Amino acid sequence: MNWCPSCQTVLANEQVVQGLCERCDSVVTKKALTQWYFKVTDYADRLLDDLDTLEGNWPSKVLSMQRNWIGRSHGADVNFEIEGRSEPVTVFTTRPDTLFGATFMVVAADSALAAELVADSNPDIQKQFVSYLEMVKQSNDIERLATDRPKTGVDLGRFAINPVNGEKLPIWASDYVLADYGHGAIMAVPAHDQRDYEFAKTFGLPIRNVVDVKDENGQSIDPILAGVPTTGSGTVINSGPLNGLEKAEAIEKISALLETDGKGKKTKNFRLRDWLISRQRYWGTPIPIIHCEMCGEVPVPVDQLPVLLPPAEGLDLKPKGTSPLGGATDWVNTKCPKCGMDAKRDTDTMDTFVDSSWYFLRFLSPNSTEVAFPKDEAKAWAPVDQYVGGVTHAILHLLYARFVTKVLHDLDYIDFEEPFTRLLNQGMVLMGGSAMSKSRGNLVALSEQLDEHGVDAIRLTMSFAGPPEEDIDWADVSPAGSAKFLARAWRTANDVASAPGVDFTDGNGELRKATHSFLRDFGPLIENFKFNVGVAKIMELVNALRKAIDGQAGPADPAVREAAETVAKALSLFAPYTAEDMWQKLGFKPGVALAQLPESDLSLLVESSIIAIAQVDGKVRDKFEVPVDISEADLRDLAMASDLVKKAIGDREVANVIVRAPKLVNIATK
RNA sequence: GCCUCCAUAGCCCAAUGGCAGAGGCAGACGACUUAAAAUCGUCAAAGUGUGGGUUCGAGUCCCACUGGAGGCACCA
């Protein structure tokens with residue numbers, strides 16, 4: 001399993017990023033240990049298929065990352081008899097159509113199968129194998145990930161029988177086959193697989209073309225002459241009963257044939273591995289298992305849960321490869337719940353991702369000592385309607401929580417199968433293109449920014465900089481500009497000369513229109529997380545308000561008060577201090593956050609006329625003011641009568657006239 | 001190698017398939033001022049990365065390419 005030499009603990013696959021520990025960036029090595037797993041693979045199909053139900057509500061990036069990570073591939077299991085072994089060896093392949101092209105077999109060097117096969121081989125080979133295995137074990141994930149790594153391996157001196165043609169295939173051991181994917185063994189078809197091809201070239205193994213793949217000129221490519229394997233689709237050749245079939249047909253036929261003969265079957269495989277939850281750390285939840293010499297591994301009975309951590313005093317908490325809990329002798333030594341004999345507690349703790357996989361349910365009853373969460377509360381409140389978090393958890397927390405949710409559902413604790421209905425990945429604040437980090441430090445000192453511009457301006461700057469899911473480069477934004485805008489908005493509240501409660505009805509029409517079109521647009525923008533556009537709309541309204549105060553309407557116009565109150569209420573979402581001050585300057589008691597934005601009076605926004613545009617072949621040629629209820633025929637006639645339109649049409653023939661009353665006419669010419 | 005997302009004025013960003021501009025930063029000019037700052041106002045500035053396609057009409061839909069960001073990767 002994955003081992004972090006710095007944290008001195010094992011890690012789950014999801015916690016190894018590019019060969020490095022997710023927590024501390026140390027190079028992860030391999031270590032053989034007996035550990036606890038959650039069988040996530042049993043849920044692989046559902047975790048994958050249910051992603052479809054989140055489509056549109058989760059970022060597509062996260063959906064694709066999870067699909068990628070789960071990595072389902074369809075293919076077939078094929079059983080190969082092994083000379084001198086009673087049991088056949090099963091291999092998984094996505095290309096059973098190329099079975100006739102198999103020229104050797106490869107087993108994972110670090111698998112039990114390789115060790116077993118070599119044990120019955122000759123001593124020379126055994127010696128080679130042992131030293132090869134030693135070399136493999138010493139390589140870390142970084143080396144394994146190198147793309148230009150030459151193929152290595154050892155001929156085990158054993159043979160497999162191809163079930164379709166009885167051919168003897170030499171069996172090799174190599175590290176390019178993974179022990180924990182599929183069955184840890186593959187059939188090698190060098191003519192049609194890049195890795196098998198490289199291996200065959202390195203060790204002089206035969207290459208047999210069984211798929212006639214054509215190049216762009218329609219010429220057949222011979223993998224041996226071309227020097228590259230042909231991995232694309234084509235017609236099957238040199239393959240007995242499969243000859244002449246296309247890829248999909250051949251896969252169906254060979255799968256059926258294998259099944260009939262009991263030599264294989266259609267199946268699927270996943271990239272997803274089971275979740276290794278044991279950690280050799282003090283923090284975390286103790287694994288509730290008691291090890292008894294007589295009864296084996298016994299779960300702690302429900303009435304003794306939860307198992308609490310022993311006090312940390314006196315324990316060696318430094319990472320040392322074994323759990324610090326091992327030092328808590330009084331805690332470790334216990335009685336077997338089954339037979340009552342002396343027994344020992346499991347000293348590992350659970351991955352903290354286990355806890356974060358259901359914490360949102362615990363929020364429903366944080367003080368309950370009886371249950372983790374009450375069923376009826378979960379039914380009433382969960383799932384989470386809107387979740388906000390960083391994309392860094394796309395395949396960690398968000399996959400684990402989905403898994404735990406499905407398990408809880410199956411155990412009938414909850415009635416939903418997905419924990420988070422909607423997901424937003426917020427972006428990061430960058431500086432000059434660089435993310436801030438432990439090594440680079442805080443490139444933008446938040447406290448200094450707050451001191452300089454004030455918390456309202458900083459919050460507004462972040463909201464206004466762009467869509468919340470995008471990163472913000474602090475070098476591109478202007479907190480000083482935000483502060484300036486807030487001052488401008490604030491000043492309007494001071495200018496208002498009418499009293500609270502004044503009737504808005506007779507206020508300046510133009511400003512009222514601006515206020516109510518703002519009210520129409522603002523709510524949906526906020527609900528759809530378009531905060532940057534929402535802020536822009538407030539700015540727009542402030543501009544209109546300023547103009548009205550300085551212009552014809554004047555500070556005493558009721559519409560000025562209406563607009564200023566609206567600005568204060570809307571602004572309270574982004575700049576609560578400024579908004580509150582405006583609110584009180586406007587003569588209200590404290591609490592702008594509790595003041596509701598009024599409904600938009602749509603009747604104020606009804607126009608009697610509108611500017612219609614006339615296009616010729618999609619290009620705007622003329623505009624005219626028309627009644628909003630103009631008929632299509634009238635609008636068409638108006639457009640056709642326009643001199644500018646006539647000029648644009650010239651002597652061409654009119655082919656089609658599209659009318660979208662009252663806004664647009666488009667005249668298409670031949 | 002496979003997959004996903006993105007590309008709009010100098011910059012950050014808006015735009016139910018229907019007039020490319022809502023908002024801001026930076027800029028130019030004007031008013032106020034003895035002057036400056038602050039404030040108020042006016043203006044200028046892309047034809048939407050490139051090439052095709054669909055459509056009456058494309059920033060928006062489709063294909064290819066270029067550039068950028070990200071994910072997965074000896075997964076058979």
Side-chain angles (χ1 to χ4, degrees), chain A residues 17-18 59-73 75 91-96 98 106 108 144-152 174-178 180-189 192-196 198-199 231 269-273 391 394-395 433 460-461 464-467 469-482 484-485 487-488 491 521 525 530 532-543 546-547 549-551 611-623 654-660 663-669:
Chain A
V17 180
Q18 299 286 303
S60 55
K61 182 182 179 181
V62 174
L63 295 177
S64 98
M65 281 169 74
Q66 291 216 359
R67 290 191 177 107
N68 219 332
W69 185 261
I70 295 166
R72 179 164 59 196
S73 35
V91 304
F92 172 72
T93 176
T94 55
R95 295 293 304 275
T98 64
V106 187
R144 279 189 73 110
L145 288 171
T147 46
D148 53 352
R149 200 160 178 248
K151 292 281 179 289
T152 57
S174 174
D175 65 351
Y176 87 88
V177 172
L178 306 176
D180 58 353
Y181 183 79
H183 305 281
I186 61 153
M187 65 176 210
V189 185
H192 308 295
D193 181 279
Q194 184 67 39
R195 298 147 302 178
D196 298 345
E198 288 167 20
F199 195 84
T231 53
N269 248 299
F270 296 92
R271 238 187 107 281
L272 181 73
R273 303 292 201 274
V391 73
I395 47 177
L460 188 77
T461 301
F464 182 56
E469 57 270 23
E470 304 273 299
D471 289 346
I472 298 169
D473 197 322
W474 206 250
D476 292 336
V477 298
S478 172
S482 297
K484 223 168 93 176
F485 162 71
R488 181 173 159 90
R491 280 193 302 270
D521 298 340
L525 287 171
K530 296 189 159 191
N532 54 325
V533 188
V535 172
K537 292 282 179 201
I538 302 177
M539 290 174 168
E540 213 177 333
L541 182 56
V542 168
N543 289 344
R546 181 77 260 159
K547 206 169 180 174
I549 292 170
D550 296 341
I611 305 292
I613 57 169
Q615 300 177 327
V616 177
D617 292 325
K619 290 199 179 67
V620 178
R621 297 301 183 185
D622 202 1
K623 303 179 186 189
V654 173
N656 193 8
V657 180
I658 310 289
V659 185
R660 293 281 178 274
K663 276 164 62 184
L664 169 137
V665 180
N666 188 19
I667 299 150
T669 64

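All chains are named by letter (A, B, ...) in the order of the sequence lines, taking the proteins before the strands, and each is independently numbered beginning at 1. It should be emphasised that the depicted structure is a prediction, and the values quoted were computed from it without experimental measurement.
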Pairing nucleotide - B:A28, Watson-Crick or G-U, each distance under 3.5 Å: B:U42
A:Trp69 side-chain proximity, nearest of B:G24, B:G18, B:A73: B:A73
SB check A:Asp180 A:Arg273 (cutoff 4.0 Å): yes
Partner residues of A:Phe199 under the ring pair (Phe, Tyr, Trp, His ring centres under 6.0 Å) criterion, sequence neighbours left out: A:Phe104, A:Trp172, A:Tyr176, A:Phe203
Between B:C25 (P) and A:Leu460 (CG): distance, integer Å: 11 Å
Between A:Asn543 and A:Arg488, a side-chain donor and acceptor under 3.5 Å: yes
Residue list, side chain to side chain contact (heavy atoms under 4.5 Å, CB included) with A:Ala487, at least two apart or on another chain: A:Arg491
Anti/syn call for B:G53, syn if |chi| within 90°: anti
Set of residues satisfying salt bridge (Lys or Arg N to Asp or Glu O under 4.0 Å) with respect to A:Lys530, sequence neighbours excluded: none
Sugar-phosphate, base or nothing in reach of A:Arg273, heavy atoms under 4.0 Å: base
Under-4.0 Å side-chain N/O to phosphate OP1/OP2 contact, A:Arg271 with B:A73: yes
Contact under 4.0 Å: A:Arg488 side-chain N or O vs B:G23 OP1/OP2: no
Touch class at under 4.0 angstrom, heavy-atom based, for A:Ile472 against every strand present: nothing
Between the protein and nucleotides 54-61 of chain B, which nitrogen or oxygen pairs come in under 3.5 angstrom?
| unit_1 | atom_1 | unit_2 | atom_2 | d |
| --- | --- | --- | --- | --- |
| B:C56 | O2' | A:Asn666 | ND2 | 3.2 |
| B:C56 | O2 | A:Asn666 | ND2 | 2.5 |
| B:G57 | O4' | A:Asn666 | ND2 | 3.4 |

Short side-chain N/O contact to B:A15 OP1/OP2 from A:Lys530, under 4.0 Å: yes
Polar-atom pairs under 3.5 Å, protein N or O versus N or O of nucleotides 3-13 of chain B: list them with distances, or write none.
| unit_1 | atom_1 | unit_2 | atom_2 | d |
| --- | --- | --- | --- | --- |
| B:C12 | O2' | A:Ala465 | O | 3.0 |
| B:C13 | O3' | A:Asn532 | ND2 | 3.3 |

Restricting both atoms to N or O, compile the protein contacts to nucleotides 47-53 of chain B shorter than 3.5 Å, with distance only.
none

Derivation of the salt bridge (Lys or Arg N to Asp or Glu O under 4.0 Å) call for A:Asp175 and A:Arg149: CA-CA 11 Å; A:Asp175 65 351; A:Arg149 200 160 178 248; 3.0 Å; yes
Touch class at under 4.0 angstrom, heavy-atom based, for A:Lys484 against every strand present: sugar-phosphate
Nucleotide of B:A14, B:G23, B:C19 approaching A:Val620 most closely (side-chain heavy atoms): B:C19
Shortest side-chain distance from A:Arg491, nucleotide among B:U42, B:U39, B:G71: B:U39
Non-hydrogen side-chain atoms of A:Ile186 and A:Asp196 separated by less than 4.5 Å: yes
Touch class at under 4.0 angstrom, heavy-atom based, for A:Ser73 against every strand present: sugar-phosphate
Sugar-phosphate only, base, or nothing, as touched by A:Asp473 at under 4.0 Å among non-hydrogen atoms: nothing
